[in-house]
Q: 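The structure's right below; bear with me while I get my questions together.
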Amino acid sequence: MENLANNIPTIDLSVFFRDGDEEAKKAAVESLGRACAEYGFFLATNHGIPSDLMSRAMELCQTFFGLADEEKLKSRPRAGGSVPAGYTKQPEQSPDKNEAALEEIFTHFSKTGEVIESIINDYLGLPPNFLKEYNNDRSWDWMNVKHYFPATEAENVGISSHKDGNAITFVFQDEVGGLEVLWNGQWIPIVPSKGTLVVNVLTNEKLKSALHRVTRPKGRSRYSISFFYNLQGDKLVEPFPHFTTQIGEPPKYKGFLYKDYQALRIKNKINPPYKEIDIDHFAII
Ligand SMILES: O=C(O)CCC(=O)C(=O)O
Ligand SMILES: [Fe+2]
């Protein structure tokens, strides 16, 4: 049988972290854009996040999750934050001196997000810096770390099928595996490698917001770090005129305020009947 995992493209981003080499940049923009249009996912190498920092961050997650519950509970998110989940800095309870690794990797993810955003800007033929200027407030970006327990005989759901609700997601997973993306009706495994980026951009479907899920392998725990490159809450999100009026195509989605969308997602996630709200909620049928 064909190994579909090989279909997910790997993009080397090194060319975007140095000056010059315009031809190579153009080729990489094209490959990255095509991967986003076809799969909504790609694997990135040379993405600007130092590998020793990634190892330290992953070690820290594993140390943290190994603590007793009463210790972990001391680090729960503070009430009144803009998002009710994710990593919250609690220095006095930090598991060890490596804590800075999570802060540092957050900054790197943010920068790499800007690089990917500008590549997507070019791929879509938007005016220079259009997305950068539209999405110019990084204070809504966030990150979380997850510990998936081994599958049992009865069930193996890590995260059920969903679309992310942000602009670009980076997932850094350990070597265990379990992340899968839906493509042409089949679940394709995202085989662990140094850095996996999940891309979801609102462009009237010029790029794909892919359904994905995590299944839990038997016999071992799995850890991952997800970074969500976001939008500022008061932004109005709707298909840009470049993808609608300017090219004579109707919008496929209604507009919404980004913070209302996030609130709706969370409300439905934590209240019965526990529905996954995603961008389809705003689709114009
Ligand atoms: O843990 C993973 O590999 C993916 C997690 C995910 O899809 C998410 O956090 O939205
Ligand atoms: Fe996700």
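Order of listing sets the numbers, starting from 1, for every ligand and every atom in it.
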Q: Salt bridge (charged side-chain N to carboxylate O under 4.0 Å, His left out) between Asp122 and Lys25: does it pass, once the steps are laid out?
A: CA-CA 10 Å; Asp122 292 352; Lys25 273 191 189 132; over 6 Å; no
Q: Return the protein residues near ligand 1 (heavy atom under 4.0 Å from any of its atoms), ordered by chain and residue number.
A: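 Contacts of ligand 1 under 4.0 Å: Lys146, Tyr148, Ile159, His162, Asp164, Val171, Leu179, His212, Val214, Arg222, Ser224, Ser226, Phe228.
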Q: Quick one: do Asp137 and Asp234 satisfy side-chain contact (heavy atoms from CB on, under 4.5 Å)? Show the steps, please.
A: CA-CA 11 Å; Asp137 180 349; Asp234 289 316; over 6 Å; no
Q: With respect to the Fe ion (ligand 2), what is the nearest N, O or S atom of Asp164?
A: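 In Asp164, the N, O or S atom with the shortest distance to the Fe ion (ligand 2) is OD1.
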Q: Could you tell me whether the side chains of Asp141 and Asn230 share a donor-acceptor contact shorter than 3.5 Å?
A: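 Absent: no donor and acceptor within the cut-off.
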Q: With the Fe ion (ligand 2) at the apex, how many degrees lie between NE2 of His212 and NE2 of His162, rounded to 10 degrees?
A: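 His212 NE2 and His162 NE2 form an angle of 90° at the Fe ion (ligand 2).
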Q: When you check the side-chain N and O atoms of Asn156 and Thr215, is any donor under 3.5 Å from an acceptor?
A: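 No - no donor-acceptor pair under 3.5 Å links their side chains.
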Q: Are Phe149 and Met58 linked, directly or through intermediate hydrophobic residues, by side-chain heavy-atom contacts shorter than 4.5 Å (ILVMFWY only)?
A: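 Different clusters: Met58 never reaches Phe149 through Ile, Leu, Val, Met, Phe, Trp or Tyr contacts under 4.5 Å.
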Q: For His162, which of Glu276, Lys269, His212 qualifies under side chain to side chain donor-acceptor pair (under 3.5 Å)?
A: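 With His162 as partner, side chain to side chain donor-acceptor pair (under 3.5 Å) holds for just one option, His212.
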Q: With sequence neighbours left out, write down each residue that passes salt bridge (charged side-chain N to carboxylate O under 4.0 Å, His left out) with Lys275, or none if nothing qualifies.
A: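 Counting only residues at least two positions away or on another chain, Lys275 forms no salt bridge (charged side-chain N to carboxylate O under 4.0 Å, His left out).
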